[in-house]
Amino acid sequence: MTHTCDSAWLERFPELEMLIPSTALQARVQQLGEQITRDYCMHPPLLVGVLKGSLVFLADLMRAIPLPVAYDFVAVSSYGDETYSTGQVRLIKDLDSPIRDRHVLLVEDIYDTGLTLEYLLGQLRQRQPASLRVCALLSKPARHQVPIELAYCGFEIPDRFVVGYGLDYAERYRNLPFIAVLNTV
Ligand code: 5GP
């Protein structure tokens with residue numbers, strides 16, 4: 001069901017089609033937080049967010065993990081204003097601190113082709129963390145090109161271009177409190 005707050009946004013952005021309402025997103029993020037809290041209670045993780053798309057998810061997720069976690073960010077070259085990846089991934093912002101012997105949980109907005117996650121996991125693994133796992137809010141199984149093991153996954157979604165809750169199109173829509181399909185793309 002679409003929440004009333006979401007309806008106000010949809011009226012202003014008729015190009016959007018609701019996919020995951022904010023209430024469903026929040027409930028799932030809480031569940032993921034509970035799972036992560038159980039799994040990491042003996043060794044609180046370093047949450048590594050991938051800018052910019054995972055920012056909103058990471059901000060909500062970490063507040064659902066009542067453990068002494070720390071967080072850091074990496075940024076990779078993105079789609080720019082395009083909607084589909086060129087397959088070229090490059091690190092444009094590195095972590096602030098070493099991760100050797102730390103328990104790292106990589107937090108990503110979406111597992112699409114998997115090329116970004118594959119590249120990042122390769123980069124981070126070389127630094128010898130104590131453990132390295134992935135939490136992705138969304139996964140598009142129809143688009144996967146490389147297999148990535150997701151320790152935590154919020155939602156599997158169809159092969160549509162989505163925006164909101166951190167995800168953008170040409171830097172727009174990141175501030176939507178829900179996930180929507182962008183119909184003009
Ligand atoms: P991958 O490397 O898995 O193909 O793509 C990863 C990145 O592509 C994501 O972090 C995200 O920034 C972008 N991406 C993939 N699918 C979508 C989508 O449906 N909407 C938006 N806004 N970005 C996407």
Side-chain angles (χ1 to χ4, degrees), residues 6 9-10 12-22 24-26 28-29 32 36 46-62 71-95 104-126 132-185:
D6 294 349
W9 288 83
L10 292 172
R12 288 195 174 82
F13 298 97
E15 68 277 25
L16 300 179
E17 183 188 324
M18 176 59 74
L19 187 65
I20 308 172
S22 54
L25 265 181
Q26 293 301 330
R28 185 71 185 121
V29 171
L32 292 174
I36 292 167
L46 171 70
L47 303 174
V48 172
V50 186
L51 292 173
K52 297 176 191 174
S54 75
L55 177 87
V56 181
F57 175 41
L58 179 62
D60 283 344
L61 183 67
M62 67 180 155
Y71 67 87
D72 201 344
F73 291 101
V74 290
V76 290
S77 52
S78 69
Y79 290 3
D81 287 358
E82 296 155 31
T83 50
Y84 283 102
S85 177
T86 52
Q88 301 285 322
V89 188
R90 203 163 46 87
L91 199 61
I92 52 177
K93 186 231 169 284
D94 204 342
L95 295 171
V104 174
L105 182 59
L106 186 61
V107 179
E108 177 61 307
D109 51 6
I110 187 166
Y111 168 16
D112 186 38
T113 63
L115 293 169
T116 306
L117 280 168
E118 183 185 48
Y119 170 81
L120 283 172
L121 287 170
Q123 290 286 318
L124 297 180
R125 207 172 282 125
Q126 281 173 19
L132 178 60
R133 301 168 86 192
V134 181
C135 174
L137 176 67
L138 306 173
S139 171
K140 276 187 204 170
R143 300 251 315 150
H144 295 174
Q145 282 177 29
V146 286
I148 302 287
E149 190 188 333
L150 298 184
Y152 310 94
C153 175
F155 300 89
E156 290 199 341
I157 62 168
D159 183 11
R160 308 287 300 278
F161 189 80
V162 293
V163 293
Y165 203 66
L167 289 152
D168 75 314
Y169 175 63
E171 294 302 324
R172 289 188 64 202
Y173 307 112
R174 289 194 198 275
N175 58 327
L176 301 173
F178 51 84
I179 301 280
V181 171
L182 180 58
N183 270 326
T184 48
V185 173

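Counting convention: from 1, in listed order, for ligands and their atoms alike.
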Asker: Heavy-atom distances under 4.0 Å decide this one: backbone, side chain, both or neither, for Glu108 against ligand 1?
Answerer: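 Side chain only.
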Asker: For ligand 1, is Phe161 a contact, meaning one of its heavy atoms is under 4.0 Å away?
Answerer: yes
Asker: For Val163, is at least one N or O under 3.5 Å away from an N or O on ligand 1?
Answerer: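 Val163 vs ligand 1: no N/O contact under 3.5 Å.
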Asker: With Glu156, which residues qualify under salt bridge (Lys or Arg N to Asp or Glu O under 4.0 Å), at least two apart?
Answerer: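 Scan of Glu156 (salt bridge (Lys or Arg N to Asp or Glu O under 4.0 Å), adjacent residues dropped) gives none.
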Asker: Yes or no: does Gly53 have any heavy atom under 4.0 Å from an atom of ligand 1?
Answerer: no
Asker: Does Ser54 reach the main-chain N or O of Gly49 with its side chain, forming a donor-acceptor pair under 3.5 Å?
Answerer: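 Here the side-chain-to-backbone pair does not exist.
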Asker: What is the minimum heavy-atom distance between Asn183 and Glu17, and which atoms define it?
Answerer: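 That would be ND2-OE1, 3.1 Å.
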Asker: Assess whether side chain to side chain contact (heavy atoms under 4.5 Å, CB included) is satisfied between Ile20 and Tyr165, documenting all intermediate values.
Answerer: CA-CA 10 Å; Ile20 308 172; Tyr165 203 66; over 6 Å; no
Asker: Would you say Lys140 touches ligand 1, if touching means a heavy atom closer than 4.0 Å?
Answerer: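 Under 4.0 Å: yes for Lys140.
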Asker: Using a 4.0 Å heavy-atom cut-off, say whether Asp109 meets ligand 1 through its side chain, its backbone, both or neither.
Answerer: side chain
Asker: Considering the heavy atoms of Leu167, write down every atom of ligand 1 situated less than 4.0 Å from one of them.
Answerer: 21 (C), 22 (N), 23 (N)
Asker: Please work out, at 4.0 Å between heavy atoms, whether the side chain, the backbone, both, or neither of Arg160 comes within that distance of ligand 1.
Answerer: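 The answer is the backbone of Arg160.
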Asker: So if I count the atoms of ligand 1 from 1 in the order they appear, which ones are less than 4.0 Å from some heavy atom of Thr113?
Answerer: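 Those qualifying, in numeric order: 1 (P), 2 (O), 3 (O), 4 (O).
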Asker: Examine distances only and state if a side-chain atom of Arg28 and a backbone atom of Gly154 form a donor-acceptor pair shorter than 3.5 Å.
Answerer: yes
Asker: For atom 11 (C) of ligand 1, tell me which residue out of Asp159, Ile179, Val146, Ile110 has the closest non-hydrogen atom.
Answerer: Ile110
Asker: Between Lys140 and Ile110 (side chain of the first, backbone of the second, donor and acceptor by atom type, cut-off under 3.5 Å), is there such a pair?
Answerer: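 Absent.
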